[in-house]
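Report on the structure given below.
A note on names: the letters A, B, ... follow the listed sequences, proteins ahead of strands, and every chain is numbered from 1.
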Amino acid sequence: MLTPAEQALYERIYLVVRQIPSGRLASYGDVATVVGGGCDARTVGYALGAIPPAQQREIPWQRVVNREGAISTRGLEQRHLLEQEGVEFDAQGHAPMSHYRWEGPSAAWAAKHGFQTLPTRHEGEQLSLF
DNA sequence: GAATTGACGGGGC
DNA sequence: AGCCCCGCCAATT
């Protein structure tokens, strides 16, 4: 029996994943950042692996990939689903996140549901500690 | 309660 | 690009 807190955490993760538009990709870490509240990339991966069969149809779990734009496990099925959405993979099996990366939920949606937005990143701009 | 595992990320070299 | 190492959180043993 899951505690209400655990159940709520999973539901929040699923709710965020549902916001990812078709044809776009989000990394596990990005989903965790939006969820906030002590959620990390590994937790997102675990939650996605625990999606009830009844909900797999409506949660676009295939749009969550690792930060390299590649699929770690269950690759064939996931890649096939993404290709149906127009995502193209290169010969190395990874999609360029600079092009497909989801920018996160709108500020209005995040504020309404109590989530966070993704830190703004410009393509090609490297974070510098300076 | 300790150790390990897992659909991971990031910094340093 | 690679490789190594550490951190993070949840579940399992």
Side-chain angles (χ1 to χ4, degrees):
Chain A
M1 179 74 181
L2 293 173
T3 68
E6 291 168 331
Q7 195 173 6
L9 174 62
Y10 279 44
E11 290 301 321
R12 281 199 298 273
I13 291 172
Y14 299 153
L15 185 53
V16 170
V17 172
R18 285 191 186 193
Q19 309 309 310
I20 306 171
S22 175
R24 306 296 297 278
L25 301 175
S27 72
Y28 296 92
D30 284 346
V31 173
T33 299
V34 173
V35 171
C39 181
D40 77 332
R42 307 194 82 132
T43 304
V44 172
Y46 202 93
L48 292 184
I51 294 178
Q55 293 192 62
Q56 285 189 0
R57 190 175 59 79
E58 42 184 305
I59 299 177
W61 56 269
Q62 71 274 17
R63 294 172 196 156
V64 184
V65 297
N66 64 28
R67 80 181 188 110
E68 300 174 356
I71 290 139
S72 36
T73 65
R74 317 278 164 111
L76 295 178
E77 180 186 357
Q78 184 169 5
R79 174 168 173 165
H80 186 69
L81 289 171
L82 289 175
E83 287 176 338
Q84 287 182 337
E85 299 180 353
V87 176
E88 298 179 11
F89 292 83
D90 61 19
Q92 302 164 20
H94 74 318
M97 290 301 274
S98 59
H99 180 70
Y100 292 112
R101 182 197 267 254
W102 180 46
E103 63 276 17
S106 69
W109 187 91
K112 179 179 179 181
H113 296 274
F115 289 102
Q116 292 195 242
T117 55
L118 243 40
T120 51
R121 293 183 192 173
H122 282 270
E123 298 176 11
E125 180 181 359
Q126 296 285 356
L127 288 180
S128 172
L129 299 178
F130 198 90

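Distance, Leu9(A) CG to dC8(C) P: 17 Å, rounded to whole Å. Spacing between atom CD of Glu11(A) and atom P of dA10(C) amounts to 16 Å, rounded to whole angstrom units. Atom-to-atom, CZ of Arg12(A) to P of dC9(C) comes out at 14 Å; the value is rounded to the nearest Å. As a whole-Å value, the separation of Asn66(A) CG from dG6(B) P is 16 Å. The nearest whole Å value for the distance from the CZ atom in Arg63(A) to the C1' atom in dA7(B) is 17 Å. Between the NE2 atom of His94(A) and the P atom of dG9(B) there is a distance of 14 Å, given to the nearest Å. What separates CD1 of Ile13(A) from P of dA7(B) is a distance of 15 Å, to the nearest Å. Straight-line distance from the CG atom of Asp90(A) to the C1' atom of dA1(C): 13 Å, rounded to whole Å.
With both ends at atom P, the span from dA1(C) to dG10(B) equals 14 Å, rounded to whole Å. Distance noted for atom P between dA7(B) and dC6(C): 22 Å (whole Å).
For Tyr46(A) and dA10(C), a side-chain-to-base donor-acceptor distance below 3.5 Å is absent, hydrogens and geometry of angles not being considered.
Annotation: side chain of Leu81(A) is not in contact with side chain of Pro60(A) (no heavy-atom distance under 4.5 Å). Annotation: side chain of Leu118(A) is not in contact with side chain of Glu103(A) (no heavy-atom distance under 4.5 Å).
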Could you list the donor-acceptor pairs under 3.5 angstrom formed between side-chain atoms of residues 108-117 of chain A and any protein atom two or more places apart in sequence or on another chain?
from      : atom 1 : to        : atom 2 : distance (Å)
Trp109(A) : NE1    : His113(A) : NE2    : 3.3

Identify each donor-acceptor pair in which a side-chain atom of residues 39-48 of chain A lies under 3.5 Å from a protein atom, sequence neighbours left out, and give them as a table.
from     : atom 1 : to       : atom 2 : distance (Å)
Asp40(A) : OD1    : Thr43(A) : N      : 3.0
Asp40(A) : OD1    : Thr43(A) : OG1    : 2.5

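Residues Val65(A) and Gln78(A) share a closest heavy-atom pair of CG1-NE2, 3.8 Å. Tyr100(A) approaches Ala95(A) most closely through the heavy-atom pair CD1-CB, 3.8 Å. Scanning both residues, Gly69(A) and Phe89(A), for their nearest heavy atoms gives O-CE2, 4.0 Å.
Listed by chain and number, the residues in a side-chain contact (heavy atoms from CB on, under 4.5 Å) with Pro53(A) amount to none (sequence neighbours excluded).
Among the nucleotides dA7(B), dG9(B), dC9(C), the one closest to the side chain of Ser27(A) is dG9(B).
Look at Tyr10(A) and you'll find a side-chain N or O under 4.0 angstrom from OP1 or OP2 of dA11(C).
Legend: salt bridge (Lys or Arg N to Asp or Glu O under 4.0 Å) pairs involving residues 80-100 of chain A, not counting sequence neighbours, sorted by first then second residue: Arg63(A)-Glu85(A), Arg79(A)-Glu83(A).
Within residues 33-42 of chain A, the residues approached by DNA chain B to less than 4.0 Å at the level of any non-hydrogen atom are Ala41(A), Arg42(A), in residue-number order. If you check residues 47-60 of chain A against DNA chain B, the residues with a heavy atom closer than 4.0 Å are Leu48(A), Gly49(A), listed by number.
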